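These numbers were taken from a predicted model, which means no experiment stands behind them. Both ligands and their constituent atoms are indexed starting at 1 by order of listing. We number each residue from 1, following the sequence as shown.
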Amino acid sequence: MRTLGNLLVTGGAGFIGSAFIRRVLANPAFTGTIIDLDAMTYAGNLDNLAGVDPARHVFVHGDILDGQLVEKLVDEHRITTIVHFAAESHVDRSIHGPGTFIQTNIVGTMRLLDAVRARPHVHFHHISTDEVYGSLGKDGIFTETSPYLPNSPYAASKAGSDHLVRAWGRTYHLSTTMSHASNNYGPYQFPEKLIPLMILNCLEGKPLPVYGDGQNIRDWLHVDDHADAVWRILERGEAGQVYDIGGGNEWKNLDLVHELVRLVAELKGEPVDTYRQLITFVKDRPGHDLRYAIEGEKIARELDWRPTYDFVAGLRATIQWYLANPAWIERVKTGAYRQWLDTNYATRS
Ligand code: NAD
Ligand code: TYD
C-alpha cells in the first residue's frame, strides 16, 4: 500500500479533478494537503470547489507547461504523488483547434514527467481516456492491451501523453501508473459534453442536438466512481501498470437522450413530449467513433474495484443536482464563474 502524503493535483478546478479533490478531502484515510495547479482555462471553475477546506486545498493558478513552477511546488509542499488530470478534454474543440491539445496534453505532461525525473521519489498517476484505443465495432471490448488507434486530435494528444508516461517510466525508472476511463457524467460537468448539454437545453427549451443518427455507443461512468477508482490505484496500484476504468454501462446516444428527456419530464412533472420534441438530428462529428466499451476486469481482479452507480439512478441524481443549482448554471452561462480572482482563494505560486 502506497503512503499518500501531500498530493499535487493538476486540473483540479475541472469536472473530474474537482470531484476527486472533494472526495479525497472527505476521506478520513487521507490526512495530507492537496496542492491544486490549474491554468483556469474555460473549463476551470472554482465554484466546483466551494466548501472544500481551504487549509487542506491550496489553489495555485498556473500552467503545467511552466516546469519551474511545477518543480517549486513539488519541493515546497513535499509532494509524494502527482495526480495528473489537467488537459484539454473536448473532442469537438480539438477538431477546430488541435494546437492547445498538443501543448497542454503532450508538452504539459512532459514537463510534469521531467519534474518527477529529477525527483524519482514522487509517484506519478496519469489520467487518460478509453478514446486512445479508437473505435470498436458492434462487438469487442477495450482492455489494457488494446492497440492505440486514436481518431480525433484529442484522442491522439492523450495517446501521445500516454506514450510519454510509459517511456519516461521505463527509461528513467520512475514510479508511474496510468488509467483509462470511459465517459464520465455527474454534477459540475461543463455543459459542452453530451449529458449536461442535453439537461440544460431541456431546461431552456432549446434543441437537443444529436450527432448523425444517434447510434454511437458510449460506456458511462459516474465521476465519483472514477474518483474512487483513481484513489484505489494511488493506494494499491503497482508501479508501471495501466488500469482501465469502465462503467459497464453502454448506451446508444439516442437512447440516452430519450432517457434524459423522460427523467427531466418526470422531475419537472411535465409531459415527456415537451422535451422529446426538442430532439434534433444534426450533422455528424467528423471521425465520430462508433463505440467505446471497457472490460474492467484487471482493476476488479487486482485491486478489487468495481463501479457502484446504477446509471439511471445516477442520471436522475445528476439532473436533480442541476435543478438544485441554478446559480452554478447561471454563473457558467454568463461567464461570471471566470471572475474567480474575486473568490476567497488567494493566488499563490
Ligand atoms: P475538464 O476540461 O473539465 O477540466 C480540465 C481542467 O484542466 C480545467 O480545470 C482546466 O483549467 C485545466 N487545465 C487545462 N489546461 C491546463 C494547463 N495547461 N495547465 C494547468 N491546468 C490546465 O476535463 P475533465 O472532464 O475533468 O477531464 C479531466 C481528465 O480526465 C482529462 O485528462 C481527460 O482527458 C480525462 N478523462 C475525461 C473523461 C470525461 O468523460 N470527461 C473521461 C476519461 C478521461
Ligand atoms: P461527448 O460528451 O462530447 O464525449 P466524447 O466525444 O468524448 O465521447 O459526446 C458523447 C457522445 O455524444 C459522442 O458520441 C458525441 C455525441 N454528442 C451528440 O450527439 N451531441 C452533442 O451535442 C454532443 C456534445 C455530443
Side-chain angles (χ1 to χ4, degrees), residues 9-20 36-46 48-49 59-66 69-70 83-95 100-101 103-105 107-109 111-112 126-132 135 151-152 154-155 157-158 161-162 179-186 188-198 201 207-223 226-227 230 244-247 251-254 256-257 279-285 287-292 294 338 340:
V9 171
T10 69
F15 166 52
I16 306 174
S18 64
F20 176 79
D36 175 1
L37 175 61
D38 198 299
M40 300 304 282
T41 68
Y42 76 96
N45 184 348
L46 285 176
N48 298 354
L49 292 161
F59 176 73
V60 179
H61 178 218
D63 201 309
I64 57 168
L65 287 160
D66 183 349
L69 171 61
V70 172
V83 194
H84 177 33
F85 291 94
E88 289 292 338
S89 71
H90 191 43
V91 174
D92 294 329
R93 285 180 191 258
S94 80
I95 294 167
T100 50
F101 286 71
Q103 280 302 313
T104 288
N105 298 0
V107 183
T109 300
R111 293 279 147 73
L112 296 168
H126 181 58
I127 305 289
S128 192
T129 169
D130 58 2
E131 304 193 25
V132 299
S135 182
N151 292 320
S152 71
Y154 163 65
S157 68
K158 293 297 290 188
S161 64
D162 288 6
S179 50
H180 299 114
S182 54
N183 286 61
N184 282 219
Y185 74 100
Y188 300 96
Q189 189 168 26
F190 193 81
E192 63 183 354
K193 304 270 166 59
L194 179 72
I195 289 178
L197 179 81
M198 294 294 166
N201 283 12
L208 309 178
V210 174
Y211 296 167
D213 59 8
Q215 298 304 299
N216 306 69
I217 294 172
R218 296 292 181 266
D219 167 28
W220 293 95
L221 171 70
H222 194 280
V223 68
H226 189 185
V230 170
D244 288 356
I245 307 167
W251 281 66
K252 280 187 183 154
N253 289 343
L254 188 57
L256 170 53
V257 172
I279 296 175
T280 309
F281 292 94
V282 299
K283 195 166 171 290
D284 208 354
R285 170 189 280 173
H288 194 175
D289 287 335
L290 177 66
R291 176 171 164 253
Y292 305 143
I294 277 187
R338 305 276 301 148
W340 53 273

Side-chain contact, heavy-atom cut-off 4.5 Å: [X] with [Y]?
X: Glu192; Y: Tyr42; answer: yes
X: Tyr185; Y: Leu256; answer: no
X: Ser179; Y: His126; answer: no
X: Arg111; Y: Leu65; answer: yes
X: Lys252; Y: Ile217; answer: yes
X: Asn105; Y: Tyr154; answer: yes
X: Leu46; Y: Met40; answer: yes
X: Asn201; Y: Pro209; answer: yes

Tell me which one of [options] gets a heavy atom nearest to [atom].
atom: atom 2 (O) of ligand 2; options: Leu194, Asp219, Leu290; result: Leu194
atom: atom 44 (C) of ligand 1; options: Ala181, Ala155, Ser128; result: Ser128
atom: atom 5 (C) of ligand 1; options: Gly44, Ala87, Ser89, Gly11; result: Ala87
atom: atom 9 (O) of ligand 2; options: Arg285, Glu131, Arg291, Lys193; result: Arg285
atom: atom 16 (C) of ligand 1; options: Ser179, Ala39, Ser161; result: Ala39

Side chain, backbone, both or neither: [X] near ligand 2, heavy atoms under 4.0 Å:
X: Asp289; answer: neither
X: Asn253; answer: side chain
X: Glu192; answer: backbone
X: Asn183; answer: side chain

Ligand 1 versus Met40: contacting region, heavy-atom distance under 4.0 Å: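 The answer is the backbone.
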Heavy-atom contacts under 4.0 Å between Trp220 and ligand 1: side chain, backbone, both, or neither?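 Within the 4.0 Å criterion, Trp220 makes no contact with ligand 1.
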What do you reckon, does [X] put a non-hydrogen atom under 4.0 Å from ligand 1?
X: Gly12; value: no
X: Tyr185; value: no
X: Ala19; value: no
X: Asn183; value: yes
X: Ile127; value: yes
X: Gly62; value: yes
X: Phe190; value: no

Main chain of [Y], side chain of [X]: is a donor-acceptor contact present, judged purely on distance under 3.5 Å?
X: Ser135; Y: Leu290; answer: yes
X: Asn184; Y: Ser182; answer: yes
X: Thr10; Y: Ala86; answer: yes

Who's the nearest protein heavy-atom neighbour of [atom], and how far?
atom: atom 20 (N) of ligand 2; result: Pro209 O, 2.7 Å
atom: atom 22 (O) of ligand 2; result: Leu197 CD2, 3.2 Å
atom: atom 13 (C) of ligand 2; result: His288 NE2, 3.4 Å
atom: atom 29 (C) of ligand 1; result: Phe85 O, 3.2 Å
atom: atom 25 (C) of ligand 2; result: Tyr211 CE1, 3.6 Å
atom: atom 38 (C) of ligand 1; result: Ile16 CD1, 3.6 Å
atom: atom 32 (O) of ligand 1; result: Lys158 NZ, 2.6 Å

Could you list which atoms of ligand 1 come closer than 4.0 Å to a heavy atom of [X]?
X: Ser182; answer: 42 (C), 43 (C)
X: Asp63; answer: 17 (C), 18 (N), 19 (N)
X: Tyr154; answer: 33 (C), 34 (O)

When you compare ligand 1 with Glu88, is there at least one nitrogen or oxygen pair between them that comes in under 3.5 angstrom?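 Between Glu88 and ligand 1 (N or O atoms, distance only) the closest approach is not under 3.5 Å.
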Checking the N or O distance criterion of under 3.5 Å, is ligand 1 in contact with Thr129?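 No, Thr129 has no N/O under 3.5 Å of an N/O on ligand 1.
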In terms of the angle between their ring planes, are Phe20 and Phe85 parallel, tilted or perpendicular, with boundaries placed at 30° and 60°?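 The rings of Phe20 and Phe85 sit tilted, inter-plane angle from 30° to 60°.
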Under the criterion side-chain contact (heavy atoms from CB on, under 4.5 Å), I'd like the reasoning laid out for His288 against Asn216: C-alpha separation, chi angles, the key distance, then a yes or no. CA-CA 8 Å; His288 194 175; Asn216 306 69; 3.3 Å; yes
Interatomic distance, Phe59 atom CZ to Leu37 atom CG [nearest 0.5 angstrom]: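 Going from CZ on Phe59 over to CG on Leu37, the span is 8.0 Å.
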Interatomic distance, Thr41 atom OG1 to Phe190 atom CZ [nearest 0.5 angstrom]: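 Going from OG1 on Thr41 over to CZ on Phe190, the span is 8.5 Å.
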List ligand 2 atoms under 4.0 Å from His90, heavy atoms only on the residue side.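 The list of qualifying atoms is 3 (O).
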Residue from Asp244, Ile245, Asp289, Ile294 passing side chain to side chain contact (heavy atoms under 4.5 Å, CB included) with Asp130: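 That would be Ile294; it is the only one of Asp244, Ile245, Asp289, Ile294 passing the side chain to side chain contact (heavy atoms under 4.5 Å, CB included) with Asp130.
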Kindly give the heavy-atom pair with the smallest separation between Glu131 and Ala155, and that separation in Å.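 It is O-CB, 3.4 Å.
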